Amino acid sequence: MNRRHARACVPKRRGRPPMVGSIRALVLRLVRENPSWGYRRVHGELATLGITVALSTVWEILKRDGIDPAPERTSTTWADFLRSQAEALLACDFIETVTLDGRRQYILAVIDHATRRVRVLGTTAHPTATGSPRPSGTW
């Protein structure tokens with residue numbers, strides 16, 4: 001009788017609950033997209049997103065996948081940064097040119113890094129807010 005009762009009281013699972021696959025995938029994605037982040041930063045970002053996970057769990061995920069601690073990983077290059085942020089980056093340039101008849105024109109252009117397209121937003125002979133010429137030598 002005692003043995004039967006003891007067997008019924010044993011919990012079905014022992015130890016920690018299994019890690020949800022989506023959290024593991026999110027941790028790996030955060031580290032892949034932000035190579036300078038360590039496990040503490042990733043843990044903080046998960047907390048910001050409302051995902052409760054232990055700091056040691058994040059460390060274990062990175063260790064299991066063979067991802068080195070942040071200082072030992074390669075640093076982010078400018079090209080890597082541009083690639084990761086290309087959809088959100090725009091570069092503006094203000095160009096001065098001389099037309100065939102000798103007049104100066106000022107062009108405002110934007111370069112969309114994601115599509116690598118240059119878009120001309122406008123041209124003017126007088127680059128001021130009102131469009132009227134300013135006194136010479138000042139902008």
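Residue numbers run from 1 in the order of the sequence given. These figures come from a predicted structure and were not determined experimentally. Side-chain atoms are counted along with the backbone in the values below, which use heavy atoms only and exclude waters and symmetry mates.
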Quick one: do V110 and V120 satisfy side-chain contact (heavy atoms from CB on, under 4.5 Å)? Show the steps, please.
CA-CA 6 Å; V110 175; V120 175; over 6 Å; no

How long is the span from the [atom1] atom in [X] to the [atom2] atom in [Y], to the nearest 0.5 Å?
| X | Y | atom1 | atom2 | result |
| --- | --- | --- | --- | --- |
| R116 | I111 | CZ | CD1 | 11.0 Å |
| T99 | Q105 | OG1 | CD | 6.5 Å |
| L108 | L121 | CG | CG | 4.5 Å |
| I95 | T123 | CD1 | OG1 | 11.0 Å |
| S56 | I61 | OG | CD1 | 9.5 Å |

Return the set of residues passing salt bridge (charged side-chain N to carboxylate O under 4.0 Å, His left out) with R103 (not counting sequence neighbours), or none when no residue passes.
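Scan of R103 (salt bridge (charged side-chain N to carboxylate O under 4.0 Å, His left out), adjacent residues dropped) gives D101.
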
From the options L26, L55, V58, select the one residue that forms a side-chain contact (heavy atoms from CB on, under 4.5 Å) with V42.
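Looking at L26, L55, V58, the match for V42 under the side-chain contact (heavy atoms from CB on, under 4.5 Å) is V58.
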
Tell me, do L30 and V27 make a side-chain contact under 4.5 Å, heavy atoms counted?
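No; the side chains remain at least 4.5 Å from each other.
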
Quick one: does D65's side chain get under 4.5 Å of R24's, heavy atoms only?
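SC-SC contact between D65 and R24 confirmed.
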
Quick one: does H43's side chain have a donor or acceptor within less than 3.5 Å of a partner on V53's backbone?
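Yes: the side chain of H43 pairs with the backbone of V53.
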
Would you say I51 ends up clustered with L28 if hydrophobic residues are merged whenever their side chains have heavy atoms under 4.5 Å apart, either directly or through other cluster members?
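As far as the 4.5 Å side-chain criterion goes, I51 and L28 are connected within one cluster.
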
Once you measure the plane-to-plane angle for F94 and Y106, does it fall in the parallel (<30°), tilted (30-60°) or perpendicular (>60°) bin?
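Answer is parallel, since the angle falls under 30°.
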
Give the minimum heavy-atom separation between L90 and D112, together with the two atoms involved.
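Reported closest heavy-atom pair: CD2-CA, 3.7 Å.
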
Please, which pairs that meet salt bridge (charged side-chain N to carboxylate O under 4.0 Å, His left out) have at least one residue in residues 33-59, sequence neighbours excluded?
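Pairs touching residues 33-59 that pass the test: R29-E33, R41-E45.
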
